[in-house]
Amino acid sequence: MIIRLFYQRSEDALAELDRKYGKICAATAYNILKNKEDAEECVNDAFLAVWNTVPPRKPESLLAYVCRIVRNLSLKKYHYNMAEKRNQQYHVLLEEIGECLESGRNVEEEMLARELAGELNAFLGTLKKKERAVFILRYWYCFSVAEIADKTGMKVSAVRVSLHRTRKKMSRYLEQREDRV
Amino acid sequence: MNWKTIESIVNGIEERYICEAAEYAARPGKFRRRFIGRAGRAAACIAGIVMMSASSLALAAAAGSLPAYDILCGILPETAKKLAPVHLSCEDNGIRMEVEAVHIQEDTAYIYISLQDLEGERIDETCDLFDSYSIRSSGDSVETCTRAAFDAQSGKTLFLIQIEQADGKKLEGQRLIFSVSELLNGKQKLDERLEEVSLENLEEKTELQTEISERGISMAGGGTLPVEQIRGFLKEDENQAFSPVEGVTVTAWGMVDGRLHIQAHYENIRETDNHGCLYLKDQEGKSILSSLSVSFWDKEQTGSYEEYIFEAEEIRELEQCSVWGYFSTGGERITGNWKVEFPVENLEVENQEEAGN
């Protein structure tokens, strides 16, 4: 329905987008940038990008489309701004998952990224729904462990154990796939 | 692998998984999910629908069976509205539960429910539903329940139920059943230094117990110590044991394989909500949680031991640290059968008298 408003170039389109997805976009941006003003700027830029690209694009999932734009803009801003001042939390989660994605394959980084992205999705398909959601909340939405515990009703310790086990499973899964290549 | 590559990989996660997790990401604050076999019951009801006549359905709905009511809503919506029972308050064991207010804002409903002791003062600001509550709705929604306030004048404790619609359908008009079977009241909380535990000249514990009935493990301190690395757990040491508060005993402490173990026993956890946490504070007052804690049943299977394990070599000047305990204990357990059932629509207190209890 919101996409229809974009196609009609209605003024209500952005208001509806903000009403429905504003909070999750703001949380995604803030999780990466840890700065309210920067996060707001990224969300606004993302909404403008959606306005400028829909139409002609007609995303199947507007939520995923706008969240992906927010995330990319936030990461760009993060790397541009944060040369000295790091968002500890974001780098911790990059390191966490980086270890499991390490591969002995001898290919260009770009090709490696594409290959591993495909395998990551295949791996995610093997997980139970909640396990997968916890993983995505951590590494895509960049929520802290405590925030994930709040949102899922799990204990903090259970979230940590779930992430730890999923990373271990992912390492094993990717190693087995590599052996077969 | 550089960070750009890692980010590219993560960025390639498929939309369906991002949307699936968004369901959780959009949730506010504390959340607890309660489903009592809804999927199973709904399936059974749908399978049985061809065998049931409209009058049977009507009877089932009048008896307050939610899945039957769902079916009735689909076939005979006007009949469903007439038959739907509305119980805005109930009393049992001298305690009254009442729906105070319902407010709907977009796809979220906020419902205030009160509990009041009509015979005495068993309800106060510490009233806890002891995980015994259940929230059932006729739609696909996510519900949470938290204690909101205590009014000393009326003796009412208010609980806030928040319902967020999950399937895009309208929230208004859905039926909600909120039920409680146990209350816990009068709990005490304590957070203090345990002077009796000194970390100087710690004893190396060699007699350990290895056969335990494990209840669970926790890594609240952010550690990654696998429980498989723990060779055994402390036995109670009567030369060390002391009780900082009724219902809790610190039973032993010492070093095992280079790690500091401190053990506590929580009495009668099946009847009370006795629980707590032992932690350290360094000389600067910074709290240090255990790398791993393991809880296991006592012999009677009524109380629980919890052993808090710290990686000693990761703690600077361990012997200068102090040991602290946070405990939540006591409380009077009150049982009963409290249930309210009502439509989710804007409702203020004064309307209850018109609706009739």
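Below, read A as the first sequence line, B as the second, and so on, with proteins coming before strands; counting in each chain starts at 1.
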Please check if the number of heavy atoms outside B:Arg316 that lie under 6.0 Å from its CZ is greater than 12. no
In terms of heavy-atom pairs under 4.5 Å with chain B, the winner among A:Ile136, A:Asn121, A:Leu137 is A:Asn121
Could you grab the distance from atom CG of A:Leu116 to atom CD1 of B:Ile9, nearest 0.5 Å is fine? 4.5 Å
What one should report as the nearest heavy-atom pair of A:Lys130 and B:Tyr24 is CG-OH, 4.0 Å
Most contact-rich option vs chain A, by heavy-atom pairs under 4.5 angstrom, among B:Ala21, B:Cys19, B:Gly12, is B:Ala21
With sequence neighbours excluded, tell me which residues meet side-chain contact (heavy atoms from CB on, under 4.5 Å) with A:Glu131. A:Leu127, A:Lys128, A:Ser162, A:Thr166, A:Lys169
Pick whichever of A:Val145, A:Val134, A:Leu124 has the most heavy-atom pairs under 4.5 Å with chain B. A:Leu124
Residues, nucleotides or ligands: over 12 heavy atoms within 6.0 Å of A:Arg165 CZ: no
Should we count CZ of A:Phe123 as having more than 12 external heavy atoms under 6.0 Å? yes
Between A:Ser61 and B:Glu15 the two heavy atoms that sit nearest each other are CB-OE1, 3.6 Å
Show me, pair by pair, the donor-acceptor contacts under 3.5 angstrom made by side chains of residues 62-73 of chain A, not counting sequence neighbours?
{"unit_1": "A:Tyr65", "atom_1": "OH", "unit_2": "A:Thr53", "atom_2": "OG1", "d": "2.8"}
{"unit_1": "A:Arg68", "atom_1": "NH1", "unit_2": "B:Asn11", "atom_2": "O", "d": "2.4"}
{"unit_1": "A:Arg68", "atom_1": "NH2", "unit_2": "B:Ile13", "atom_2": "O", "d": "2.9"}
{"unit_1": "A:Arg71", "atom_1": "NE", "unit_2": "A:Trp140", "atom_2": "O", "d": "2.6"}
{"unit_1": "A:Arg71", "atom_1": "NH1", "unit_2": "B:Asn11", "atom_2": "OD1", "d": "2.9"}
{"unit_1": "A:Arg71", "atom_1": "NH2", "unit_2": "A:Tyr139", "atom_2": "O", "d": "3.0"}
{"unit_1": "A:Asn72", "atom_1": "OD1", "unit_2": "B:Asn11", "atom_2": "ND2", "d": "2.6"}
{"unit_1": "A:Asn72", "atom_1": "ND2", "unit_2": "A:Arg68", "atom_2": "O", "d": "3.4"}

